[in-house]
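What follows is a set of notes on a single structure, which appears directly below.
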Amino acid sequence: MQEGVKLEESWKQALAPEFGNPYMNELRRFLLNEKEAGKRIFPKGSEYFRALDLTPLDEVKVVILGQDPYHGFGQAHGLCFSVQPGVRIPPSLVNIYKELQTDLGIQPTKHGFLEHWARQGVLLLNSVLTVEEARAASHQGRGWERFTDAVIRAVNERCDGVVFMLWGSYAQKKAAFVDKERHLVLKAPHPSPLSAHNGFFGCRHFSRANAFLQSRGKSPIDWQLPERPEV
């Protein structure tokens with residue numbers, strides 16, 4: 001995409017056709033033009049593909065889908081639902097922590113930095129990977145959705161026994177093509193305060209994911225985040 005952007009090797013090979021596609025060149029030009037116009041883009045360029053960097057394709061165990069990066073200063077760092085250390089925990093993540101506590105007895109941590117999950121095989125993927133500061137959804141429809149569709153297709157086709165946690169109608173539609181014979185697809189309302197009480201609370205996705213992984217001979221995810229962020 002541009003200087004400073006890195007991509008883990010297994011993803012680079014799987015997604016090579018996308019980078020040669022005209023829509024990615026158009027997306028790159030759009031991002032460069034936005035920066036040249038003085039607009040601040042989140043996350044920083046080296047973290048556009050942070051979710052892929054931390055979770056190689058052959059190590060994916062769980063996929064959690066988000067929509068857009070947080071658009072406040074200092075929040076986004078390339079993982080859906082996650083914020084950088086020292087940033088206030090967003091409301092949806094507060095509710096995710098509540099469900100973890102109900103489901104697995106895990107005490108909520110005081111930060112919202114989720115790289116501990118990503119390093120264990122939890123792909124924390126947003127549908128759109130960039131946003132303009134203070135302008136929610138400002139980069140929708142520019143090509144990222146097509147790219148992240150290709151990411152999900154790669155997991156669907158090249159991996160076996162992955163758990164897809166699809167929270168909310170947007171995520172459920174985006175991953176509607178996932179092969180339910182090969183993978184476990186878990187659906188629930190979005191953890192947003194607007195919808196969490198409609199079925200996200202009590203969905204027990206975290207324990208169900210671990211039970212499935214263990215039934216396939218895989219190690220479970222340690223959902224307990226460290227007290228201090230692992231930067």
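Just so it is clear, the values below take in all heavy atoms, side chains as well, and ignore hydrogens, waters and symmetry mates.
The hydrophobic clustering, which links ILVMFWY residues whose side-chain heavy atoms are closer than 4.5 Å, places Val151 and Leu65 together. By the rule that hydrophobic residues join a cluster once side-chain heavy atoms approach within less than 4.5 Å of another member, Leu225 and Tyr70 end up as members of one cluster. At a threshold of 4.5 Å between side-chain heavy atoms, the hydrophobic network of Ile, Leu, Val, Met, Phe, Trp and Tyr places Val94 and Leu114 in one connected group. The hydrophobic clustering, which links ILVMFWY residues whose side-chain heavy atoms are closer than 4.5 Å, places Leu54 and Trp117 together. Follow the hydrophobic side-chain contacts under 4.5 Å out from Val162 and you never reach Ile64; the two are in separate clusters.
Side-chain contact between Arg204 and Glu99 is present, with heavy atoms from C-beta onward closer than 4.5 Å. Annotation: side chain of Leu186 is not in contact with side chain of Cys203 (no heavy-atom distance under 4.5 Å). At least one side-chain heavy atom of Leu123 sits less than 4.5 Å from a side-chain heavy atom of Leu52. For the pair Gln224 and Ile106, the minimum side-chain heavy-atom distance is below 4.5 Å. Side-chain atoms of Ile152 and Phe177, non-hydrogen and from C-beta on, do get closer than 4.5 Å to each other. Between Leu166 and Lys173 there is no side-chain heavy-atom pair separated by less than 4.5 Å. Side chains of Asp103 and His205 form no contact here, defined as non-hydrogen atoms less than 4.5 Å apart. For the pair Val60/Val122, no side-chain contact is recorded, criterion being any heavy-atom separation below 4.5 Å from C-beta on.
Here the closest non-hydrogen pair linking Leu100 and Trp223 is CD2-CB, 3.6 Å. Here the shortest heavy-atom pairing between Ala209 and Met165 reads CB-CE, 3.6 Å. Across His111 and Pro226, no two heavy atoms sit closer than the pair NE2-O, 2.7 Å. Across Val131 and Ser138, no two heavy atoms sit closer than the pair CG2-OG, 3.5 Å. Of all the heavy atoms in Ala196 and Asn95, the pair that sits closest is CB-ND2, 3.7 Å. The minimum heavy-atom distance between Cys159 and His183, with the atom names listed, is O-CE1, 3.1 Å.
Lys61 contributes atom NZ, which lies 8.5 Å from atom CG of Asn210 (distance to the nearest 0.5 angstrom). Rounding to the nearest 0.5 Å places CD of Glu133 at 10.0 Å from NE2 of His71. Of the inter-residue distances, the one linking Arg142 atom CZ with Met24 atom CE reads 14.5 Å to the nearest 0.5 angstrom. With rounding to the nearest 0.5 angstrom, the CG atom of Leu93 is 12.5 Å from the CZ atom of Arg88. Remark: Leu27 CG to Thr130 OG1 distance equals 6.5 Å, nearest 0.5 Å. Between Leu15 atom CG and Arg153 atom CZ the span is 9.5 Å, to the nearest 0.5 Å.
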Could you walk me through whether Tyr23 and Phe147 pass the ring-ring contact (aromatic ring centres under 6.0 Å, His included) check? CA-CA 9 Å; Tyr23 84 87; Phe147 178 79; 7.4 Å; no
- What do the steps show when you test Ile221 against Val163 for side-chain contact (heavy atoms from CB on, under 4.5 Å), and what is the final call? CA-CA 11 Å; Ile221 303 299; Val163 182; over 6 Å; no
If you apply the rule side-chain contact (heavy atoms from CB on, under 4.5 Å), what do you find for Thr148 with Leu125, and how did you get there? CA-CA 8 Å; Thr148 52; Leu125 181 69; 4.0 Å; yes
Evaluate the criterion side-chain contact (heavy atoms from CB on, under 4.5 Å) for residue pair Phe200 and Ile96; output intermediate values, then yes/no.
CA-CA 9 Å; Phe200 177 78; Ile96 291 170; 4.0 Å; yes
Show the numbers, then the answer: is there a side-chain contact (heavy atoms from CB on, under 4.5 Å) between Phe201 and Thr102? CA-CA 8 Å; Phe201 291 139; Thr102 301; over 6 Å; no
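In the displayed structure, Glu9 atom CD is contacted under 6.0 Å by more than 12 heavy atoms of other residues, nucleotides or ligands. When the shell of 6.0 Å around NZ of Lys218 is examined, it contains more than 12 heavy atoms from other residues, nucleotides or ligands.
Pairs of residues two or more places apart, or lying in two chains, that qualify as ring pair (Phe, Tyr, Trp, His ring centres under 6.0 Å) and include a residue from residues 73-103 are His77-Phe113, Phe81-Trp167, Phe81-His190. Residue pairs meeting the ring pair (Phe, Tyr, Trp, His ring centres under 6.0 Å) criterion with at least one partner in residues 25-47, sequence neighbours excluded, are Phe30-His139. Residue pairs meeting the salt bridge (charged side-chain N to carboxylate O under 4.0 Å, His left out) criterion with at least one member in residues 158-167, sequence neighbours excluded, are Asp160-Arg182.
Distance alone, capped at 3.5 Å, is enough to place a donor-acceptor pair between the Trp11 side chain and the Thr55 backbone. Judged purely by atom type and a 3.5 angstrom limit, Gln84 uses its side chain to pair as donor or acceptor with the backbone of Ala76. Not one N or O on the side chain of Lys39 forms a donor-acceptor pair closer than 3.5 Å with the backbone of Leu31. Between the side chain of Lys187 and the main chain of Phe164, no donor-acceptor pair closer than 3.5 Å is present. Of the possible polar contacts, none joining the Ser82 side chain to the Leu79 backbone as a donor-acceptor pair under 3.5 Å is found. Under a 3.5 Å cut-off, the side chain of Gln75 and the backbone N or O of Gly72 do form a donor-acceptor pair. A distance-only check finds no donor-acceptor pair linking the side chain of Gln67 to the backbone of Asn126 [under 3.5 Å]. Counting only distance, with no hydrogens or angles, the side chain of Gln120 and the backbone of His116 share a donor-acceptor pair below 3.5 Å.
Checked by atom type, the side-chain pair Ser127/Trp144 shows no donor-acceptor distance below 3.5 Å.
Ionic pairing of Glu132 and Arg135 is present here: one or more N-O contacts between side-chain nitrogen and carboxylate oxygen are shorter than 4.0 angstrom. Between Arg119 and Glu115 a salt bridge is recorded (basic side-chain N to carboxylate O distance below 4.0 Å).
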